[in-house]
Amino acid sequence: MTAANQVTEEQINFYRENGFVKLENMLTGEELEQLREYLEEAMQEEGSRSVKTDQKDGTYYRVLNQKVNTWRDHGGMAKFSFHEKFAKAALELTGSNEIRFFHDHGLWKMPGDSKPTPWHQDTPYWPVNEPEKGMLSIWIALDDVDEKNGCMAFVPKSHRIGKLNPIDLVNPQNIFDALEDGKLEDSKPVIVPLKAGSCTFHNGLTFHYAHANSTDRPRRALAIIYMPDGITFSGKPHTVTEGQKLEKGQPVKGPLFPLLAKRHA
Ligand code: SIN
Ligand code: NI
């Protein structure tokens with residue numbers, strides 16, 4: 001990890017307190033150029049192992065043009081999705097002993113009738129038993145993002161609420177309706193514009209949202225989901241665990257879920 005990517009004590013404390021953090025300049029200029037090229041290719045090519053969640057003109061496509069596990073069809077994407085510096089940052093932020101890869105996804109918000117990504121938590125969609133153990137995502141901006149083209153927003157401290165029901169991302173319920181009276185009342189959403197090559201990390205329980213893209217160019221982002229140690233498989237159906245011979249109640253492991261970072265004794 002270069003000095004520029006070192007996670008500071010302040011960032012670690014912020015992440016643990018609030019459930020998200022912004023890390024600037026995660027990518028060098030050269031890495032940003034390379035990742036843009038690889039992700040463009042991965043999003044456009046029809047690979048057989050990665051999974052495109054919806055087709056153009058679909059309702060979910062208006063929220064997100066999403067491709068899951070780009071690394072399985074594109075070696076260049078594997079280089080970034082398994083990059084040690086991202087995983088090491090996740091290790092520091094969570095304070096866990098190990099960081100395992102769960103999946104990557106290209107997350108593009110397309111121009112033209114773009115819809116916001118509604119307020120939601122990620123953990124309810126994942127087939128795991130330990131929501132409190134802090135699975136998390138890095139979200140890397142490949143374009144400068146602000147409220148006009150789909151930057152993210154987070155509710156500080158919402159990761160402490162616990163796991164709620166999943167939100168339908170096309171016909172969303174209002175996640176705030178699920179809160180007991182007074183919960184998060186003082187916690188106002190924080191909008192996080194980013195420069196291309198910068199990123200956020202968010203806990204899978206943190207309430208987050210992304211604005212619609214009202215510009216005429218795609219908003220390109222790569223997100224990678226990580227598992228700290230102690231995460232076991234719940235048996236709930238999920239694209240990336242299907243056919244992986246995982247046992248209910250046993251740790252998630254195997255060739256699609258490599259260990260990326262480990263704490264040295
Ligand atoms: C988005 O990229 O619009 C949403 C990302 C997320 O929900 O984690
Ligand atoms: Ni999300």
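We count residues from 1, following the sequence as given. Read the numbers this way: they start at 1 and go in the same order the structure lists the ligands and their atoms. Predicted, not measured: the structure shown is a model, and the values here were computed from it.
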Test ring pair (Phe, Tyr, Trp, His ring centres under 6.0 Å) applied to Phe176 - qualifying residues, sequence neighbours left out: Trp119, Phe207

Inspect the surroundings of NZ in Lys52 and state if more than 12 heavy atoms from other residues, nucleotides or ligands are less than 6.0 Å away. yes

Could you tell me which non-hydrogen atom of Asp229 sits nearest to which non-hydrogen atom of Lys133, and how far apart they are? O-CD, 4.0 Å

List the residues meeting salt bridge (charged side-chain N to carboxylate O under 4.0 Å, His left out) with Glu10, not counting sequence neighbours, and say none if there are none. none

Residue shell for ligand 1, any heavy atom closer than 4.0 Å, reads Leu64, Leu107, Lys109, Thr117, His120, Asp122, Trp139, Met152, His202, His208, Ala210, Arg219

Which residue, Phe233, Phe102, Phe257, forms the ring-ring contact (aromatic ring centres under 6.0 Å, His included) with His238? Phe102

Flag, side chain of Thr123 to backbone of Gly204, donor-acceptor distance under 3.5 Å: yes

The Ni ion (ligand 2) neighbourhood, protein N/O/S only, threshold under 2.8 Å: His120 NE2, Asp122 OD1, His208 NE2

Please examine the side chains of Ile191 and Glu147, heavy atoms only from C-beta on, and report whether any two atoms are closer than 4.5 Å. yes

Any heavy-atom pair between the side chains of Val240 and Leu256 that's under 4.5 Å? no

Checking Asp144 against Lys195 for the salt bridge (Lys or Arg N to Asp or Glu O under 4.0 Å) test, could you report, in this order, the C-alpha distance in whole Å, the side-chain angles of both residues, the deciding distance, and whether it holds? CA-CA 4 Å; Asp144 292 354; Lys195 286 277 177 215; 3.6 Å; yes

